[in-house]
Amino acid sequence: TIIILGANGQIGTELAIALRKKFGDQQVITSDIREPQTLSENEIFEPANVLDKDGLQSLFLQHKPTQIYLLAAMLSATGEQYPQKAWDLNMNGLLNILDLAVELGIKKIFWPSSIAVFGPHSPKKDTPQYCVMDPNSIYGISKLAGERLSEYYYNKHGLDIRSIRYPGIISWKTQPGGGTTDYAVHIFFEALRTGKYECFLSEDTALPMMYMEDAVRATIQLMDAPAENLTIRSSYNLAGVSFTPHEIAEEIKKILPNFEMSYKEGDPRQAIANSWPQSIEDDYARKDWNWELKFDLTAIATDMINNLKTNE
Ligand code: VAH
């Protein structure tokens, strides 16, 4: 059995769809602090709070999961508004899972890190797997600390924990919650709803991004990889595709010629974005588990607009 914690979030929602397709509805239990809006009759949902270790323990004893995906976390922008809550949720949520996984002998754990673990002194272009990492957002600090803990639990307890440093993720099924890269999702919804978008990042702010299809496929590919092939137990860099708000606006105009983009200065998320890399090097993922990206910016824009048009 697989349990997905934080299953109602942007990534959790689509991981649940993919894992149910791969293993069957009965093998995948979704969990979150609140009930989901929709649940079909043969899908199983169990409420849980990742900060309630006793509640998690009884959930795990009841369902005996062989794999846990921990997607519950507070993202970068919201984390700067509620730093203590972000630290508590991101760190103690992870610690509860790490300790229970060791105590109960749970075979495999997935946990997302982020390009947010890099900071102002990390190389900005083709940021390597190993380099100076001085994140200055609470979210990035919690993800870097989480990477150190993950590697520690692998080395000290042999816990098979696997992780990916996701770029910003673009998807249409579920809106992201409080991230700095959310503009790259909102822009598509607004382009179709109003024909225009006021972007909270400056037009030349290049950031690594990735389409949800690629992010979910990468996650499952990493989890399926033979443990002996994995040389990274902190978290794997994934490059995705880097672009600026200007470039994605031009891509949208190729499909919606009347789309109008404007820029709002002074948003606090600009400082967060400025501290992150512009592009990433993912040689370890390609070498250890044969990663390769499928969706470039044109494919992302085309697929987003097609899906939003048919599902509006
Ligand atoms: C955020 N979407 O913006 C997340 C992600 C790299 C960005 O970590 O906080």
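Owing to the predicted nature of the structure, the values given are computational and were not obtained by experimental measurement. Counting starts at 1 for both ligands and their atoms, in listed order.
Comparing heavy-atom distances from atom 9 (O) of ligand 1 across Ala73, Gly178, Ser76 singles out Ser76 as nearest.
Among the candidates Tyr130, Trp289, Tyr236, the single residue satisfying the ring pair (Phe, Tyr, Trp, His ring centres under 6.0 Å) test with Tyr284 is Tyr130.
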Ring pair (Phe, Tyr, Trp, His ring centres under 6.0 Å) for Phe189 and Trp172? Distances and angles first, verdict last. CA-CA 8 Å; Phe189 284 85; Trp172 56 273; 8.8 Å; no
Before giving the answer on side chain to side chain donor-acceptor pair (under 3.5 Å), spell out for Ser235 and Arg162 the whole-Å C-alpha distance, their side-chain angles and the decisive distance to 0.1 Å. CA-CA 7 Å; Ser235 187; Arg162 306 183 184 196; over 6 Å; no
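Thr181 OG1, 3.0 Å is the protein heavy atom nearest to atom 2 (N) of ligand 1.
For Trp276, no nitrogen or oxygen atom sits less than 3.5 Å from a nitrogen or oxygen atom of ligand 1, counting backbone and side chain alike. Polar contact check, Thr180 against ligand 1: a nitrogen or oxygen pair lies under 3.5 Å apart.
Other residues, nucleotides and ligands place no more than 12 heavy atoms under 6.0 Å from the NE2 atom of His121. More than 12 non-hydrogen atoms from other residues, nucleotides or ligands lie less than 6.0 angstrom from NZ of Lys287. By the neighbour-count criterion of 12 heavy atoms within 6.0 Å, atom CD of Glu203 is densely surrounded, having more than that number from other residues, nucleotides or ligands.
Numbered from 1 in the order shown, with element, the atoms of ligand 1 that lie under 4.0 Å from a heavy atom of Gly179 read 1 (C), 3 (O), 9 (O). Of all atoms in ligand 1, numbered sequentially from 1 with element shown, those under 4.0 Å from a heavy atom of Leu75 are 9 (O). Listed by atom number, the atoms of ligand 1 under 4.0 Å from Tyr139 heavy atoms are 5 (C), 8 (O), 9 (O). Atom numbering of ligand 1 starts at 1 in the shown order; those under 4.0 Å from a heavy atom of Ile115 are 6 (C).
At least one side-chain heavy atom of Ile161 sits under 4.5 Å from a side-chain heavy atom of Trp111.
By the criterion of a heavy-atom distance under 4.0 Å, the side chain of Ser114, and not its backbone, is placed next to ligand 1.
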